[in-house]
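On a predicted model such as this, the values are computed, not experimentally measured, just so you know.
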Amino acid sequence: MEYTQLGRTGLKVSRLVLGTMNFGPQTDEATSHAIMDAALDAGLNFFDTANVYGWAEKKGRTESIIGSWFAKGDGRRDRTVLATKVYGNMAADGDAWPNHDKLSALNIRRAVEASLKRLGTDYIDVYQFHHIDRATPFEEVWQAVDVLIQQGKVLYAGSSNFPGYKIAQANETAARRGSVGLVSEQCLYNLFERRAEMEVIPAAQEYGLGVIPWSPLHGGLLGGVLKKEAQGKRRTEGRAAATLADPASRAKLQAYEDLLDKHGLEPGEAALAWLLTRPGVTGPIVGPRTPEQLTSALRALEVELSEEVLSGLDEIFPGPGPSPEAFAW
């Protein structure tokens, strides 16, 4: 396993991040535990979750599954860098009250205590803001986080789905307060969706944030979806089905699969390997539903993409270019 520093911190994390969103809704507790065991055995030490994960079954269910895994002992918690998130409304359906969501100091305090209880731990390594809160000033957010850091309940703070200017605003406010500020940004980033390269990733690099891409296979579309579709192994729905219905997008995916087939590469592994070559990226999030899917993701660490392949991928999926050149002279 390869390790790197998380942004400007001294925290060492694996180059792949275990995403747990499927634990509960898609993957039962026993299998979830087996996946986490296999991840840790492989040296993958960075686990990502969120307080709202488990929606379809019960909000908070995923954190509870991780907590029951930690409870097995054997150094699991000490060997894991744990990241969770706050923002979504955690009230039971039909019982939502004001202040049960977003980033007010009140909700941050409430949400941390609830997450710690479900996770069965006394601290969170990286506490992430799941979305921007347009109503709460960053002075208030950092006031709440600073208290949690002083109490030892949170070690670092990160963001998710932040635009570049909010990363700047958050960290400039933190600097004025003498606070640590954001150390990571979790954003949508993959070959198919490269808009983060325009401002989000440059902002993260400028302020020393590690970049953690989510949906690295773009909902499975970069995992060889056309070949699987032809073999009757995959049925697409929702956003993926809409993308495949677009002739231009389908042509891009066909060119992508043809390029990788020519070089003897598996699409899903190549898509992850490509992200590992990108400047500023700490590691992409992989969200296996089965141990076999985790094994496939781990193979991406051994994939080396030639200049020919990298150039071909850029031709098929060109990036937006840097800001402001992407939209100005």
Side-chain angles (χ1 to χ4, degrees), residues 1 4 6 13-29 31-57 59-67 69-70 76 79-88 115 118-119 124-131 158-161 184-193 196 210-223 239-240 268-269 271-276 281-301:
M1 178 59 63
T4 188
L6 179 62
V13 295
S14 50
R15 296 283 338 257
L16 288 181
V17 183
L18 182 67
T20 63
M21 188 170 66
N22 289 318
F23 294 177
Q26 300 290 330
T27 305
D28 63 30
E29 184 165 340
T31 306
S32 299
H33 284 191
I35 290 171
M36 288 186 280
D37 281 336
L40 211 55
D41 287 344
L44 197 162
N45 74 333
F46 197 5
F47 290 15
D48 176 74
T49 191
N51 60 353
V52 292
Y53 288 174
W55 294 291
E57 187 177 347
K59 296 173 184 176
R61 174 60 178 148
T62 302
E63 286 188 333
S64 296
I65 289 174
I66 296 171
W69 180 73
F70 283 151
R76 285 172 170 81
R79 288 184 287 161
T80 301
V81 175
L82 175 65
T84 191
K85 307 183 193 75
V86 57
Y87 181 84
S115 284
R118 286 188 294 267
L119 290 162
I124 294 163
D125 295 281
V126 186
Y127 200 49
Q128 302 164 113
F129 313 131
H130 212 162
H131 196 276
S159 58
S160 181
N161 305 307
S184 63
E185 160 59 18
Q186 190 177 131
C187 59
L188 174 61
Y189 184 37
N190 55 57
L191 274 164
F192 212 99
E193 176 50 82
V211 175
I212 307 169
W214 61 268
S215 194
L217 303 188
H218 206 55
L221 291 176
L222 294 169
R239 186 185 304 176
E269 295 169 18
L272 291 172
W274 177 82
L275 280 168
L276 292 170
V281 169
T282 299
I285 296 174
V286 296
R289 295 189 301 275
T290 66
E292 292 75 22
Q293 289 180 345
L294 174 63
T295 300
S296 175
L298 289 168
R299 286 197 293 267
L301 294 167

With sequence neighbours excluded, tell me which residues meet side-chain contact (heavy atoms from CB on, under 4.5 Å) with Ala39. Leu18, Leu44, Phe47, Leu294
Glu185 versus Ser159, closest heavy-atom pair with distance: OE1-OG, 2.5 Å
Cys187 and Ala196 have their tightest heavy-atom pair at SG-CB, 4.2 Å
For the pair Tyr87 and His131, name the ring-plane relationship: parallel under 30°, tilted 30 to 60°, perpendicular over 60°. tilted
How long is the gap from OG1 on Thr80 to CG on Leu40, to the nearest 0.5 Å? 5.0 Å
Can you confirm whether Arg79 sits close enough to Asn45 that some side-chain heavy atom of one is under 4.5 Å from a side-chain heavy atom of the other? no
If I take atom CD from residue Glu29 and atom CZ from residue Arg61, how far apart are they, to the nearest 0.5 angstrom? 4.5 Å
For side-chain contact (heavy atoms from CB on, under 4.5 Å), just list the numbers for Leu301 and Leu276, CA-CA rounded to whole Å, side-chain angles, deciding distance to a tenth of an Å, and then say yes or no. CA-CA 8 Å; Leu301 294 167; Leu276 292 170; 3.9 Å; yes
Would a 4.5 Å heavy-atom cut-off, applied to side chains only, mark Ile285 and Pro213 as touching? no
Distance (rounded to the nearest 0.5 Å) between Leu298 CG and Gln293 CD: 12.0 Å
Quick one: does His130's side chain get under 4.5 Å of Val52's, heavy atoms only? yes
Are Thr49 and Thr20 close enough that a side-chain donor and a side-chain acceptor fall under 3.5 Å? yes
Just so I know, are the side chains of Glu57 and Phe23 near enough to count as touching, which here means a heavy-atom distance under 4.5 Å? no
Check Pro216 against Ala271 and note the closest heavy-atom contact, atom names and distance. O-CB, 4.2 Å
Rounded to the nearest 0.5 Å, what separation is found between the CE atom of Met36 and the CZ atom of Phe70? 7.5 Å
Shortest non-hydrogen contact from Ser14 toward Met1: CB-SD, 3.7 Å
Taking all non-hydrogen atoms of both residues, which atom of Val286 and which atom of Ala297 are closest, and how far apart? CG1-CB, 3.8 Å
Taking every heavy atom of Ile212 against every heavy atom of Ser184, the minimum-distance pair comes out as CD1-CB, 4.0 Å
Given Tyr53, which partner from the list Thr84, Asp48, Ile65 fulfils the side chain to side chain contact (heavy atoms under 4.5 Å, CB included) test? Asp48
Tell me if the aromatic rings of Trp274 and Tyr189 count as close, with their centers under 6.0 Å from one another. yes
Would you say Asn51 and Arg118 make side-chain contact, with heavy atoms under 4.5 Å? yes
Would Ser160 and Gln128 count as having a side-chain donor-acceptor pair, cut-off 3.5 Å? no
List for me each residue that meets side-chain contact (heavy atoms from CB on, under 4.5 Å) alongside Thr31, sequence neighbours excluded, and say none if there are none. Thr27, Asp28, Ile35, Pro291
Yes or no on side-chain contact (heavy atoms from CB on, under 4.5 Å) for His218 and Leu191, after CA distance, side-chain angles and deciding distance? CA-CA 8 Å; His218 206 55; Leu191 274 164; over 6 Å; no
I'd like to check Phe46 versus Asp125 (side-chain heavy atoms, cut-off strictly below 4.5 Å). Are they in contact? no
Euclidean distance, Glu193 CD relative to Leu221 CG, rounded to 0.5 Å: 12.0 Å
Could you state the interatomic distance from CD (Gln26) to OG (Ser32), rounded to the nearest 0.5 Å? 10.5 Å
